[in-house]
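Step one of this worksheet: look at the structure below.
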Amino acid sequence: MEQKVSPEYIQTSLAASLTLGFQQGSFHRNARLKGLNLLLHYEEGCLGKCHFCGLSKSRREGPKGKTFIRVDWPLYPLEEIIQRTKGKDQIHRVCISMITHPKALEDTLYVTQRLREETGLYISVLISPTLIPRENLLDVMKKAGADRVGIAVDAATPELFDRLRGKGVGGPHQWDHYWKVVQMAASVFGKFHVGIHLIVGLGETEKEMVQTIQRGQDLGAHTHLFSFFPEKGSPMEEHSPPSLGQYRRIQLTRWIINEGLGSASQMKFDENGRLIDFGTNINPLLQMGEPFMTSGCPGRDGKVACNRPYGNERPSGPIRNFPFMPEKEDIEDIKEQLEISSLSSFLRKQESESL
Ligand code: SF4
């Protein structure tokens with residue numbers, strides 16, 4: 001029997017499957033997809049063993065039963081995906097996730113080239129740095145039609161990275177190599193045509209997360225933020241997601257750093273590494289709402305195309321990454337979730353103590 005594997009077959013996110021009409025339905029609050037997320041598929045699955053990931057080899061279910069960033073990823077023929085994507089104005093960008101598999105690089109190049117040539121859409125590749133030992137492989141990817149790459153660093157510190165993705169789980173990934181590839185990618189694709197994925201809530205402090213966002217910024221990579229979600233059957237299924245307060249504060253610091261409105265060195269943290277001062281006036285940023293939207297690669301309009309509806313939370317909410325502009329009531333909720341009153345009372349105490 002013919003095996004349904006890449007490059008002839010490829011998985012789409014559930015949102016992409018709905019948008020392309022493979023399945024019927026619509027999203028809560030009418031969230032509309034602007035970025036088509038695709039994932040290579042092999043019988044053996046991903047050879048990484050990352051503790052928190054739904055695709056990990058250490059997860060109990062086989063590759064077909066797996067979820068990734070919380071949602072299902074149905075499998076379709078590449079040909080049909082291309083035909084259904086053509087002329088869909090709603091879609092601004094396609095993202096191809098490589099996963100860690102010996103065939104992934106070759107297949108990613110093939111899929112990138114076909115999608116770029118046949119749909120004319122912008123293409124991001126979420127690369128697996130472990131499969132990229134040399135810079136010229138990134139040149140080849142650019143020539144195939146990708147204009148941006150994402151690198152899923154995921155864990156904010158070398159210790160967490162090693163424990164959850166590297167030696168600690170017998171996995172192949174290495175922290176230093178990931179950052180070397182961030183640098184190589186910025187030189188091939190250009191500064192800020194590179195994004196790093198970071199997952200809040202893997203055990204890092206807010207200070208550590210902010211410093212890693214700043215590290216990416218200094219190297220020419222914006223941060224695309226995710227909130228940890230315990231994937232069922234993964235070794236971290238019992239680990240709690242980060243508190244909403246923690247996630248909101250990191251969303252706002254990411255916006256401040258990536259938009260060049262401030263830097264990690266201007267922010268203040270308490271003795272537990274919790275953020276207590278953003279180092280800038282946050283009121284106008286709160287009113288905008290945009291800092292709390294999904295962060296990802298941009299589309300034709302320069303706004304985020306990769307809005308991954310409900311990739312981090314159940315649609316019943318509360319929404320962590322807004323796939324649309326938050327409304328007035330959402331902003332009121334966000335202000336409460338940020339626990340600003342506790343921040344400012346701490347600051348007042350600090351000020352009175354220093355008098
Ligand atoms: S932000 Fe989205 S489009 Fe960009 S690399 Fe990450 S998953 Fe792909």
Side-chain angles (χ1 to χ4, degrees), residues 10-17 19 31-40 46 50 53-55 67-71 73 81 85 90-100 104-105 108 111-112 115-116 119 121-129 131-132 138 141-142 144-155 178 181-182 184-186 188-200 213 216-217 219-227 229 251 254-255 258 290-312 320-323:
I10 199 156
Q11 288 175 271
T12 71
S13 66
L14 177 60
S17 165
T19 305
R32 274 167 72 82
L33 186 77
K34 288 169 67 187
L36 207 63
N37 294 85
L38 307 177
L39 184 67
L40 296 185
C46 180
C50 309
C53 179
L55 298 176
T67 53
F68 178 50
I69 62 161
R70 210 193 68 78
V71 288
W73 289 73
I81 290 172
T85 304
Q90 173 185 344
I91 304 292
H92 290 218
R93 175 172 290 279
V94 181
C95 180
I96 304 155
S97 297
M98 259 176 94
I99 80 170
T100 308
L105 181 58
T108 299
V111 174
T112 300
L115 277 157
R116 177 67 194 158
T119 69
L121 290 166
Y122 290 136
I123 312 280
S124 295
V125 178
L126 182 57
I127 57 178
S128 176
L131 303 179
I132 313 275
L138 293 172
M141 200 168 276
K142 191 176 174 189
D147 69 309
R148 288 179 180 261
V149 291
I151 294 164
V153 176
D154 292 344
Y178 266 58
V181 174
V182 173
M184 289 181 340
V188 171
F189 288 88
K191 275 194 152 198
F192 304 114
H193 281 241
V194 181
I196 52 168
H197 287 196
L198 290 173
I199 304 177
V200 177
I213 293 171
Q217 177 76 6
L219 292 175
H222 285 149
T223 290
H224 304 151
L225 213 56
F226 294 72
S227 178
F229 182 88
Q251 281 179 307
R254 183 207 72 83
W255 179 267
N258 284 174
E290 218 176 323
F292 306 98
M293 290 175 71
T294 311
S295 42
C297 299
R300 290 188 289 276
D301 53 4
K303 302 275 181 199
V304 171
C306 179
N307 57 346
R308 312 185 291 277
Y310 310 110
N312 271 211
R320 290 183 179 234
N321 286 336
F322 281 82

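Quick caveat, the model's predicted, so the values are computed rather than measured. Whatever order the structure lists ligands and atoms in, that order sets their numbers, starting from 1.
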How close does the nearest protein non-hydrogen atom get to atom 6 (Fe) of ligand 1, and which residue and atom is it?
His197 NE2, 2.2 Å

Looking only at heavy atoms, what is the nearest atom pair of [X] and [Y], with distance?
X      : Y      : answer
Thr100 : Leu131 : CA-CD1, 4.2 Å
Ile99  : Ala104 : O-CB, 3.4 Å
Thr223 : Asn258 : N-OD1, 2.9 Å
Ala185 : Val149 : CB-CG2, 3.7 Å
Arg116 : Leu121 : NH1-O, 2.8 Å

Which class fits the ring pair His197 and Phe226: parallel under 30°, tilted 30 to 60°, perpendicular over 60°?
tilted

If we set the cut-off at 4.0 Å for heavy atoms, which region of Val125 has an atom near ligand 1: side chain, backbone, both, or neither?
neither

If you count every protein N, O or S atom closer than 2.8 Å to atom 4 (Fe) of ligand 1, you should arrive at 1

Under a 4.0 angstrom heavy-atom cut-off, which atoms of ligand 1 come close to Asn37?
7 (S)

Interfacing atoms of ligand 1 (cut-off 4.0 Å, heavy-atom, Arg308)
1 (S), 2 (Fe)

Decide yes or no for Ser97 and Asn37: does some side-chain heavy atom of the first lie under 4.5 Å from some side-chain heavy atom of the second?
no

Report the residues that fulfil salt bridge (Lys or Arg N to Asp or Glu O under 4.0 Å) with Arg93, sequence neighbours left out, ordered by chain and then residue number.
Asp147

